[in-house]
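Order of the sequence lines fixes the chain letters, A, B, ..., with proteins taken first and strands second; residue numbering starts at 1 for each chain. Keep in mind that the numbers below use all heavy atoms, side chains included, and drop hydrogens, waters and symmetry copies.
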Amino acid sequence: MSAPRVRFAPSPTGSLHIGSARTALFNWLYARRHGGTFILRIDDTDAERSTEESTSSIFESMKWLGLDWDEGPYAQSDRLELYQERARQMIENGAAYFCYCSKEELAAKREAARKEGRPYRYDGTCRNLSDSERKRLDSEGRPKVARLKIEPDESILTPDLILGDVVFDSSTLDDFIFMKPDFTPLYNFSSAVDDADMNITHVIRGQDHLPNTPKQILISKALGMEPPKFAHLPMVHNARGQKLSKRDGAVGTLEFREMGFLPEALVNYLARLAWSAEGEQEIFTTEELKAKFDLDRVGKSPSRFDLKKLTWLNGQYMNEKPLSEKTEGAALFLNKAGYEPENAERLERIVEAVGDRLHTWPDIVTYGSYFFEEDGAYEFDPAAVKKWFRSEAELETVRAAESLIESIDPFEVDEIDKRMRAWAEERGEKLIRVLQPLRVAVTGKQVGPSLLETLEILGKESVLNRLERASEELPKMYAQKG
RNA sequence: GACCCCUUCGUCUAGCCUGGCCUAGGACACCAGCCUUUCACGCUGGCGACACGGGUUCAAAUCCCGUAGGGGUCACCA
């Protein structure tokens, strides 16, 4: 097989949908796997809906995911002349014709068909217009669109690398419009023309495009060109098994960055939607994906997007990150949450202490926010208080801890550990019965890194301040819940 | 409604093409236990699926037919 040429051709009418990102990824992977060329083409023939912002957000999404393109970006809006030339060619050789029916007339016919419960197809009113009629309509200045002439009762075979052969009956198609009144192309036309012109060998796209395929094949043939090979990817669905939409939460690729996911984890997750390697491997570096991916192991059935599995995967990747990188990411997300970790060294210690609790970046806030809050400002989690302050005894522990903390020197993990254990024993308490109430007292939470480390990082003075405040605040909460 | 696609644990999937190795494997999630100052990690175990009905065959998740369910598309959008 000669080197494949594939393309990703999004329309810039919004941010890059996560399903489209998967399509882009599979194209990219296919090109990389086979030493082919990955082309980026912006299908912006719909001037009304296309925006600059969308285009740049698509670029940014792809860059974030690491999907680099070898050619392009091409914009269809720059290639108008090509489409117009091809369209004229088709009109001339009789493969297509101009249609003068107005939008309103057509809408009425469509509506009538709908009411009668029969499928609407263009009735061919303008298909056999005589030259004189055409001239008359032109001289009246009637707007016209171009339609493809489709012969009925022909089967159109669309071989698909994933689905196998799919056959459409041309009678279910109608003479569809491919050039608008302003003589600019519609999607199916520009797409087929470009795929041919750019020598695209494989069109890998979502299954929602399957109904377009026979139309594009017809256009290719009308132009005397060999259609590319097709591969229709199963859709990515929401938890209820329907097309993923904004209502389902995050669907924009960049939103996942905002939520604190790692691009390599997202790539890994997306790759495993409908694709699997031989063996039972779940975690693939991008390099492995580039070496192993192929279309013959892509499934046919739709898959549901599972945020929990993505989160798990992300955690796996997170744990592999060097501390310096983790610290950088943590700083970024801490900032987003309104915290300002001023001391870089201290932040690194905190990130290290939080350790593998980091599944996504915002987890740094969940597990370590109190490190960045004033001694008198962190909040007490009511659930934590309820669970660990069951009687007067725990309040007493917090009060008594002040003098213990005061006396620990040096105030470091090993020493704190030694003294804490001895203290618990002295008081006839299990270690956990003193540590957890203290944790809640100084952090406000019942989860987090090792308390000993937490105390050391906080420092003696801060711990003392916090214990003092807890002694005042906790009884109030304690009283409230009775 | 018409056309097209799909159907293995709750979810992602392996197995299907080239029937027997499938008392259907792995992963996420969930549950339990272990480890542990909590949480998280890790480890161990558990729960849990061939949509249904007919064939074909000595033998079917795998092949054939039908039914049901789900999804996608039906624009002078892409």
Side-chain angles (χ1 to χ4, degrees), chain A residues 9-13 43-46 48-50 99 101-103 106-107 110 114 117-121 143-147 158 160 162-164 166-169 171-174 176-182 184 186-188 190-191 206-214 232 234-235 237 239-243 269 272-283 296-297 299-306 308-313 315 319 354-359 363 366-367 384 387-388 417 420-421 424 430-436 438-440 443 445-452:
Chain A
S11 64
T13 55
D43 281 7
D44 57 351
T45 51
D46 186 356
E48 304 275 296
R49 301 198 310 148
S50 299
C99 170
C101 297
S102 74
K103 222 171 175 175
L106 296 172
R110 201 168 8 242
R114 197 190 59 79
R118 59 183 164 80
Y120 168 78
R121 274 177 218 112
K144 59 186 178 186
V145 298
R147 288 183 184 272
T158 73
D160 188 289
I162 293 170
L163 300 173
V166 181
V167 180
F168 291 87
D169 185 335
S171 304
T172 65
L173 268 30
D174 68 354
F176 63 91
I177 298 170
F178 65 90
M179 292 298 272
K180 294 186 251 190
D182 61 0
T184 61
L186 251 7
Y187 167 74
N188 280 125
S190 52
S191 188
Q207 232 180 70
D208 49 344
H209 280 288
L210 194 53
N212 288 324
T213 306
H232 288 94
M235 307 299 287
H237 283 165
R240 291 191 311 285
Q242 297 150 331
K243 213 177 176 186
Y269 178 73
R272 287 284 292 105
L273 253 29
W275 175 82
S276 66
E278 276 179 70
E280 289 171 344
Q281 190 174 350
E282 289 289 338
I283 298 175
D296 59 3
R297 290 191 64 88
K300 300 177 177 184
S301 45
S303 29
R304 302 181 186 203
F305 198 88
D306 182 4
K308 283 191 172 164
K309 188 154 188 177
L310 207 212
T311 304
W312 169 78
L313 247 186
N319 291 345
V354 169
D356 54 24
R357 269 160 279 248
L358 226 47
H359 292 148
D363 288 336
T366 308
Y367 293 108
K387 177 160 183 194
W388 297 101
D417 185 32
M420 206 60 96
R421 284 175 195 280
K430 280 189 173 173
L431 196 54
I432 188 173
R433 301 300 315 173
V434 313
L435 290 187
Q436 278 303 96
L438 287 182
R439 174 191 295 282
V440 176
T443 72
K445 299 178 186 244
Q446 56 179 333
V447 299
S450 154
L451 183 65
L452 307 172

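Considering only the side chain of A/Y367, B/A40 comes nearest among B/A40, B/C6, B/U37. Listed nucleotides B/C12, B/G72, B/C5 differ in distance to A/R272; the shortest reach to its side chain belongs to B/C12. For A/I432, taking side-chain heavy atoms from C-beta onward, the closest of the listed nucleotides B/A40, B/C76, B/U37 is B/U37. Of the candidate nucleotides B/C77, B/A40, B/C4, B/C77 has the atom nearest to the side chain of A/R49. Of the candidate nucleotides B/U37, B/A40, B/U8, B/U8 has the atom nearest to the side chain of A/S301. Side-chain proximity of A/D43 to the nucleotides B/A78, B/C76, B/G71 is greatest for B/A78.
Nucleotide B/C3 holds its P atom 15 Å from the CG atom of A/L210, rounded to whole Å. One atom, OH of A/Y120, and another, C1' of B/C3, lie 17 Å apart when rounded to the nearest Å. For the pair A/F305 CZ and B/U11 C1', the computed distance is 12 Å after rounding to whole Å. Regarding A/D174, its CG atom lies at a distance of 18 Å from the P atom of B/A2, rounded to whole Å. Rounded to whole angstrom, the span from the CD atom of A/Q207 across to the P atom of B/C3 amounts to 18 Å. Taking atom CZ on A/R304 and atom P on B/U8, their separation rounds to 10 Å, with Å as the unit. Nucleotide B/C4 holds its P atom 8 Å from the CG atom of A/D169, rounded to whole Å. A straight line from CG of A/D417 to P of B/U36 spans 13 Å, rounded to a whole angstrom.
With RNA chain B read from its 5' end, the first of the two nearest nucleotides for A/T172 and A/N188 is the one closest to A/T172. Residue order along RNA chain B, read from the 5' end via each residue's closest nucleotide, puts A/R357 first among A/D208 and A/R357.
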Close N/O contacts between protein and nucleotides 27-29 of chain B (under 3.5 Å):
| residue | atom | partner | partner atom | Å |
| --- | --- | --- | --- | --- |
| B/A27 | O4' | A/E282 | OE2 | 3.3 |
| B/A27 | N3 | A/K309 | NZ | 3.2 |
| B/C28 | OP1 | A/W312 | NE1 | 3.4 |
| B/C28 | O2' | A/K309 | N | 3.4 |

What's touching nucleotides 15-17 of chain B from the protein side, N or O pairs under 3.5 Å?
| residue | atom | partner | partner atom | Å |
| --- | --- | --- | --- | --- |
| B/G15 | OP1 | A/R297 | NH1 | 3.1 |
| B/G15 | OP1 | A/R297 | NH2 | 3.4 |

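Rounded to the nearest 0.5 angstrom, A/F178 CZ and A/T184 OG1 are separated by 12.0 Å. A distance of 7.0 Å separates CZ of A/R121 from OG of A/S171, quoted to the nearest 0.5 Å. Distance check, rounded to the nearest 0.5 Å: CG of A/L310 to CZ of A/F305 gives 4.5 Å.
Contact annotation: the side chain of A/L358 never approaches that of A/Y367 to less than 4.5 Å [non-hydrogen atoms, C-beta and beyond]. In this structure, A/P234 and A/Q207 have side chains that are in contact, with non-hydrogen atoms separated by less than 4.5 Å. At a threshold of 4.5 Å between non-hydrogen side-chain atoms, the residues A/R147 and A/I177 count as touching. By the 4.5 Å heavy-atom criterion applied to side chains, A/L451 and A/L438 are counted as neighbours. In this structure the side chain of A/F168 reaches within 4.5 angstrom of the side chain of A/L210, judged on heavy atoms.
Pairing for B/U73 goes to B/A2, judged as Watson-Crick or G-U wobble with the two contacts each under 3.5 Å. Nucleotide B/C22 is matched to nothing when pairs are restricted to Watson-Crick or G-U wobble geometry with both distances under 3.5 angstrom. When both pairing distances are held under 3.5 Å, B/C16 makes no Watson-Crick or G-U pair with any nucleotide shown. Using the Watson-Crick or G-U wobble rule with both distances under 3.5 Å, B/U7 pairs with B/A68. If you check B/U62 for Watson-Crick or wobble pairing at under 3.5 angstrom, you find it has no partner at all. Across all strands shown, B/C43 forms a Watson-Crick or G-U wobble pair with B/G33, both key distances being under 3.5 Å. If you check B/U56 for Watson-Crick or wobble pairing at under 3.5 angstrom, you find it has no partner at all. Nucleotide B/G48 forms no Watson-Crick or G-U wobble pair with any nucleotide shown, as no partner meets the under 3.5 Å limit on both distances.
The phosphate of B/U38 has neither OP1 nor OP2 within less than 4.0 Å of any side-chain N or O from A/Q436. Here A/K180 does not reach the OP1 or OP2 of B/A75: none of its side-chain N or O atoms lies under 4.0 Å away. Proximity of A/R110 to the phosphate of B/C76: a side-chain N or O atom is located under 4.0 Å from OP1 or OP2. A sub-4.0 Å separation between OP1 or OP2 of B/A78 and a side-chain N or O of A/T45 is present.
Side-chain N/O atoms of A/S303 and base N/O atoms of B/U11 include no donor-acceptor pair closer than 3.5 Å.
Residue ring and base: A/H209 counts as stacked with B/A78 (centre distance below 5.5 Å, interplanar angle below 30°).
Rounded to whole Å, the P atom of B/A61 lies 9 Å from the corresponding atom of B/U23.
Counting only distance, with no hydrogens or angles, the side chain of A/Q436 and the backbone of A/Q446 share a donor-acceptor pair below 3.5 Å. In this structure, the side chain of A/D160 does not engage the main chain of A/V166 through any donor-acceptor pair within 3.5 Å.
As judged by a 4.0 angstrom heavy-atom cut-off over every strand, A/R421 is placed among residues touching the sugar-phosphate backbone only.
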